[in-house]
Number of protein chains: 2
Amino acid sequence: MTDTPATPRRRGAARTEELLQVTLDLAAEVGYAGLSIEAVGRRAGVGKHTIYRRWPSMSALLLDALSRVWTSDLDYRDTGDVRADLREQFLRSGLALSSPPIGPVYRAVIAEAQADSMLRATLHERFLVTVEQSTLDRITRAQRTGELTAEANLEFAAEVLCGTLYYRSLLSTRPIDEDAVDGLLDMFMAAYGTSN
Amino acid sequence: MTDTPATPRRRGAARTEELLQVTLDLAAEVGYAGLSIEAVGRRAGVGKHTIYRRWPSMSALLLDALSRVWTSDLDYRDTGDVRADLREQFLRSGLALSSPPIGPVYRAVIAEAQADSMLRATLHERFLVTVEQSTLDRITRAQRTGELTAEANLEFAAEVLCGTLYYRSLLSTRPIDEDAVDGLLDMFMAAYGTSN
DNA sequence: CGAGATCGGCACGCTACGTGCCGATCGAGT
DNA sequence: ACTCGATCGGCACGTAGCGTGCCGATCTCG
């Protein structure tokens with residue numbers, strides 16, 4: 001009666017990987033509501049301890065799950081046309097932010113962060129600052145090549161650009177479509193562009 | 001033994017008022033965590049039905065409580081200097097967004113909205129759109145008086161201005177201080193101002 | 001002063017949290 | 001090959017909030 005255990009009980013790193021994937025799958029299917037430690041455990045066929053041994057809270061698990069899918073596609077291209085590069089990247093990350101699995105997981109982290117200022121700080125430094133920094137890098141290069149004016153305060157500009165995208169995708173009900181991105185870039189280039 | 005009932009059991013509109021006030025007080029004291037229907041009921045000395053009869057959910061109660069304190073201080077002054085008027089208003093609402101009771105209640109609504117797209121739509125149209133609209137009104141007037149260029153797409157500009165403030169106060173850990181507001185207005189005026 | 005709405009209080013079943021304990025299972029080291 | 005300790009799944013506990021139902025007391029309006 002020893003039926004073949006197709007998957008022997010996984011442990012250690014393999015379990016960790018699997019749990020992150022289950023979290024992403026669950027988020028994609030049921031969204032933030034219904035995303036709980038018990039739900040992840042049930043779905044993975046895992047005791048709660050197996051999760052709590054790895055992450056101290058749902059928030060920590062969500063942050064790790066988010067890292068798993070957010071790290072790629074973060075860098076801007078550099079074709080020499082800063083407006084085109086920003087446009088492409090904004091549309092890409094706008095789509096990512098509003099689709100599974102990133103969208104629901106991001107929403108979940110933000111919801112929990114509203115009740116937990118430590119988590120808010122972690123979210124900020126681990127994701128938002130990183131995104132702003134890569135934007136800042138790209139427009140700083142454009143400033144050096146003369147595409148943007150020398151007087152521009154690019155730190156604030158990077159925050160305005162990223163902040164507007166996050167505002168629209170997380171608080172607004174409007175989509176991040178081409179019109180939105182073009183409107184945003186119109187303002188940015190009108191302020192700091194040198195070509196017009 | 002009939003001790004004087006200093007406050008006779010309130011009902012109807014008086015109760016509604018009191019419950020909104022208790023919600024705001026509670027939010028100011030304990031923040032979003034610990035803000036629940038049971039907590040409001042306990043504090044007000046009220047059965048849960050008395051709350052559920054008025055609002056279908058915590059979110060609805062929060063929205064009403066927010067209206068109560070958010071309606072004033074919304075309009076921009078018009079001194080004829082658009083930059084100064086925006087600056088004053090941004091600093092004022094930035095402070096409001098990060099202090100009790102508005103800050104915690106706003107955070108609570110936003111947290112719940114992440115799991116509920118209907119609530120997100122309500123939040124958007126009832127508050128965010130309103131704020132954007134009053135900003136749009138003010139900068140449209142500035143465009144008519146010639147302070148801003150005629151080609152500017154002010155609808156997107158209003159969204160960028162407000163979005164940046166909300167991003168910073170709700171997702172970032174940075175304060176909405178004079179530097180931030182000035183940086184934002186530098187970009188806005190560089191893009192659409194006529195005086196430089 | 002009576003009728004009917006509204007009230008506070010209590011209880012229910014449900015779900016999730018975070019922790020503790022159990023015996024089974026795995027796999028690294030000898 | 002076998003042992004031993006770490007890790008596993010399963011179950012249970014107490015706490016908390018949700019949303020609903022029912023009760024008898026209390027208030028308001030006609």
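Everything numeric in this text was worked out from a predicted model, so none of it was measured. Note on naming: letters A, B, ... go to the chains in the order of the sequence lines (proteins, then strands), and numbering restarts at 1 for each one.
D/dG21 atom C1' lies 13 Å from atom OH of B/Tyr52, rounded to whole Å. If you take CD1 of A/Ile51 and P of C/dA16, they are 12 Å apart, rounded to a whole angstrom. Put simply, CZ on A/Arg15 is 11 Å from P on C/dC26, counting in whole angstrom units. Atoms CG (A/Leu26) and P (C/dA16) sit 11 Å apart, rounded to a whole Å. Counting to the nearest Å, the P atom of D/dT7 and the CD atom of A/Glu18 are 17 Å from each other. In this structure, B/Glu112 atom CD and D/dG17 atom P are separated by 14 Å, rounded to whole Å.
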(request) Please test A/Tyr76 against A/Thr135 for side chain to side chain donor-acceptor pair (under 3.5 Å), starting from the C-alpha separation and ending with a verdict. (result) CA-CA 7 Å; A/Tyr76 290 84; A/Thr135 304; 2.5 Å; yes
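A sub-4.0 Å separation between OP1 or OP2 of D/dT7 and a side-chain N or O of A/Thr50 is absent. Note on B/Arg53: every side-chain N or O is 4.0 Å or more away from OP1 and OP2 of C/dA5.
Side-chain atoms of B/Arg138 and B/Gln89 include no donor-acceptor pair closer than 3.5 Å.
Checked against B/Leu24 for a side chain to side chain contact (heavy atoms under 4.5 Å, CB included), the options B/Pro100, B/Pro104, B/Pro101 give a single hit: B/Pro101.
Dense packing is recorded around CZ of B/Arg174, with more than 12 heavy atoms of other residues, nucleotides or ligands lying under 6.0 Å away.
Connection of A/Phe90 to A/Leu154 is established within a shared hydrophobic cluster, with ILVMFWY side chains joined at heavy-atom distances below 4.5 Å, either directly or through further cluster members.
Applying the side-chain contact (heavy atoms from CB on, under 4.5 Å) criterion to B/Asp81, with sequence neighbours excluded, gives B/Thr79, B/Arg83, B/Ala84, B/Glu147.
Within residues 33-49 of chain B, the residues having any heavy atom under 4.0 Å from DNA chain C are, by residue number, B/Gly45, B/Val46, B/Gly47, B/His49.
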